[in-house]
Number of protein chains: 2
Amino acid sequence: MVSKRYPTSIEVARLAGVSQSAVSRTFTPGASVSARTRDKVLAAADSLGFRPSLIPKIMLTDRSGLVALVVGGLENAFYARVVQILAARLREAGNQVLLVPVDSDYTLDAVAARLAQYRVDAIVSALAVLSRDAAETLSASRIPVVSFNTPVTAARVGSVGSDNALGGWQAAALLHARGIRHPAFVAGPADSPASTERLTGFRDGLRAAGLPEPRVAGSAYTYDGGAEAATQLCTEGAVDGIFCANDLCALGTIDALRRAGRRIPDDVRVIGYDDTPAASWGGYDLTSFDQDVPALVEAALAMIDRMAAEDAGAGERELIPPRLTERGSTRS
Amino acid sequence: MVSKRYPTSIEVARLAGVSQSAVSRTFTPGASVSARTRDKVLAAADSLGFRPSLIPKIMLTDRSGLVALVVGGLENAFYARVVQILAARLREAGNQVLLVPVDSDYTLDAVAARLAQYRVDAIVSALAVLSRDAAETLSASRIPVVSFNTPVTAARVGSVGSDNALGGWQAAALLHARGIRHPAFVAGPADSPASTERLTGFRDGLRAAGLPEPRVAGSAYTYDGGAEAATQLCTEGAVDGIFCANDLCALGTIDALRRAGRRIPDDVRVIGYDDTPAASWGGYDLTSFDQDVPALVEAALAMIDRMAAEDAGAGERELIPPRLTERGSTRS
DNA sequence: TTGAAAGCGATACCAG
DNA sequence: CTGGTATCGCTTTCAA
C-alpha cells in the first residue's frame, strides 16, 4: 500500500474552513483574497506542508516548464560549462532542466519519444555530433530544437555555434605571423561538423597566407587522441605549427610533443579551441579560442523563444565569433 | 492564441473509430486489446503523431519519474563524472533527471519548494557543501534525499561518500613510506566535510607513523586556491610531502611548486583526491585517490529505493573505500 | 474484448 | 470577495 505523499488543496481548505477555490487563489499571485482568508489558508497549508502541484496546470496548458538538455561527454570541460550556464539561465527564466545524457544518435530516438511524453517545451542538443536523421527525429516531435555546433536546420530545428571557419582562419593567420612553415591540424571525429569547419577555415587561411596545405591527423576529441595524432605528425614529417580541433586534443598534443623532445613554442607552436580552464594552467599555457559560451546560450534561448512564438518557424543558424586568447604556446 | 500542441487519445479514438479506452489500452503494456483494434489505433496514432502524455498518470499516482540532481561546480571533473554516471543509471531505471545547478545553500530553499511542486520522486545532492539547515529544508519536503560526501543525515536524508578519513590515513602512510619529514595539507573550503575528514585521517596517519603535525593552507577546491596554498607553504617553512584536498588543488599546487623551483617528486611529493583525467596527463602524473564513482552511485540509488520503500526511514550513511593510484608525483 | 464513466488536483470562469 | 463547477488527458473500474 502506498501512503499518500502530498496534501491537496481540498484538505487544506477543509482544515482552514474555506472553499478549495480560496486555497487556489491564495497561491495565485494576482488573485483577490481577503487578508483574513489568506491567513487561515496559509496557516493550514503550513501545518500540512502543502505545496500546490504543478501537474494539473501542465495538463491544462500543455506547457511543462521543462526544457530538455541533451548532452554527450560532460568530461569535456567546454560542455560542462555549457550545461552549467544554460541550466542557470533556464532556471532564472522559470524553467526546469531535464538532463539527458546520450552516447550515440541511436539512443536519441528513444529519448525523443520520452521527452514528448513529458511535454517538454524545448530541446537543446549539446552533442558534438548530431546526424540529420537524429535531428529529424527530434523535429518530428513538434518540439522546438536548438542544436549547438551542428549545422542542421529543419522545421523547428535551429542551430547556434561558434564561427568555426573564422576561428580556423585566424589560427592560420596567427601561425603565419609567428613564421611557421609546416602547418598541421589535429582533427576531431570525422563526423563532427565543428572539426570540419575549423579545418576548412584553417586551410583557407593558410592558402591566403601562402602557406602549404596542412597535414591532418587524429579522430577524437580526447587527450589520448591528440597525443596519438601529434606522435604521428612528428614521425611522418616536418611540423612547426599545429591547430587542434579542441583544447582536450591540444593538451594531449603538447604532452606528446614534449615526450618527443620538441619545445613549445620554440620548435612547435600549438593552438587549441574552447579555452578551457586547463589551457591557462602553468604546465600548458595554451593559446586558444573562447567560444563565448554565454553568448551562445543567449542566442540559443532567443531562438527557442522565437520558434515557440512563431510555431514551426523555419530553422535558422546563428554564428558567434570566437575570441582568441594568445598564451605561451604561440609566443615568439 | 496558442495552437494546440499535441493530439489527444480522444482524437486518435475518433479517427480510428474506437473508444478512447481502446486507445489507452493499446498503449498500456499488459492490457487486453484485439489485434484488429490495436492495428487501427496504431495507424491512427501514427498519422497524428500521438504520444500519450505522462502528465495525467503523474496526477493519478503522485509519482513523476523525475529525480532531481542538485549540483554546484560542474567545472570539477569529479562532479561532471558523478552527474554523467548518475544520469545514465537513472535513465536505465526509467527515470528522468532534473538538473538543478545551485551556487549556495541560500538558493536551495527556493529550489526545494519548486521540486516539491514538480513531485520529484527523490533528490540527489552532489554539492561539496550542504549545511544542516539546507538538508532539513530538503527533508521537510517529504522527498527522499541522498547527499554525496556530506555527513548530514535526518529523516528521509541519507548520505553516501568516499571514506575520506581512510584516504587521509593512506596518504600519510604513503608519504611516510617515501621518507618525507615535513608533511602539509592543502585544504578545501573550511565548511567542506570531505576536506575536513581527509585532514583528520591524514593527521591520524601521520601521528601513527611518528611524523609531525601537518602544516595546513588553502581554502578552496580550485586550481588557483591550490597554487596560492602551495606558495604559502613554500615560503613559510619546510615541506617535502603535500596531500591536497582534491585534484584541482593538487594541479595548482604542482604548478606553483615548480614555479618556486621545486622538483616533483624529488623535492616534494604530492597526492591528490578524485583521480580526475588530468591527474594522468603527462605534465602532472599525479598520485590520487579514486572515489569509485560507480560504487557511490549504486549506493545512492539503493539508498533512495530503500527510503522510498520504507517511507520516512531514518537517515543512513554509507562509505566507499577510495582506491589509490600511485603515479610519478610520489615515486622514489 | 469493448465502451461508458469516475476520478486525479489544480485553474478559471461563473453567479451570488 | 467567495464558493460551485467545468476542464485538462489520461488510467481504471464496471457492465455489457
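If you're wondering where the values come from, they're calculated on a predicted model, not measured in any experiment. Each chain gets a letter, A, B and so on, in the order the sequences are listed, and its residues count up from 1.
Side-chain N/O atoms of A:S34 include one lying less than 4.0 angstrom from OP1 or OP2 on D:dT2. In terms of phosphate contacts, B:R63 brings no side-chain nitrogen or oxygen within less than 4.0 Å of OP1 or OP2 of C:dC8. At least one side-chain nitrogen or oxygen of A:S32 sits closer than 4.0 Å to the OP1 or OP2 atom of D:dC1. Contact annotation: A:S9 side-chain N/O to C:dG9 OP1/OP2 distance is not under 4.0 Å. Checking the phosphate oxygens (OP1, OP2) of D:dC10, no side-chain nitrogen or oxygen of B:S53 falls inside 4.0 Å. The phosphate of D:dG3 (OP1 or OP2) has no side-chain N or O of A:S21 nearer than 4.0 angstrom.
Helix bend of the helix from C:dT1-D:dA16 to C:dG16-D:dC1: the angle between its two end axes, each built from five pairs, comes to 40° after rounding to 10°.
B:L60 comes within 4.0 angstrom of a nucleotide base, judged by non-hydrogen atoms across all strands. Looking at heavy-atom distances under 4.0 Å, B:R36 makes no contact with the nucleic acid at all. Contact annotation for B:F27: no contact, since no heavy-atom pair falls under 4.0 Å across all strands.
For B:V33, taking side-chain heavy atoms from C-beta onward, the closest of the listed nucleotides D:dC10, C:dA12, C:dT2 is C:dT2. Listed candidates were D:dT5, C:dC8, D:dT12. Nearest to the side chain of B:S24 is D:dT12. Proximity note for B:S19 (side chain, C-beta onward) versus C:dT11, D:dG9, C:dG3: the nearest is C:dG3.
Residues meeting the side-chain hydrogen bond (donor to acceptor under 3.5 Å, both in side chains) test with A:E197, sequence neighbours left out: A:N164, A:R317. Looking at residues two or more places apart in sequence or on another chain, you find no side-chain hydrogen bond (donor to acceptor under 3.5 Å, both in side chains) involving B:T26.
Ion pairing between a basic and an acidic side chain is recognised when a charged N comes within 4.0 Å of a carboxylate O; B:E92 and B:R89 show such pairing.
Of the candidates B:V67, B:V100, B:V82, B:V67 is the only one forming a side chain to side chain contact (heavy atoms under 4.5 Å, CB included) with B:V124.
Nucleotide C:dC8 holds its P atom 20 Å from the CG atom of A:L54, rounded to whole Å. Taking atom NZ of A:K57 as the reference point, atom C1' of C:dT11 lies 8 Å away to the nearest angstrom. If you take OH of B:Y6 and P of D:dC10, they are 12 Å apart, rounded to a whole angstrom.
Each of A:R51 and A:R25 was matched to the nucleotide of DNA chain C holding its nearest heavy atom; the match closer to the 5' end belongs to A:R51.
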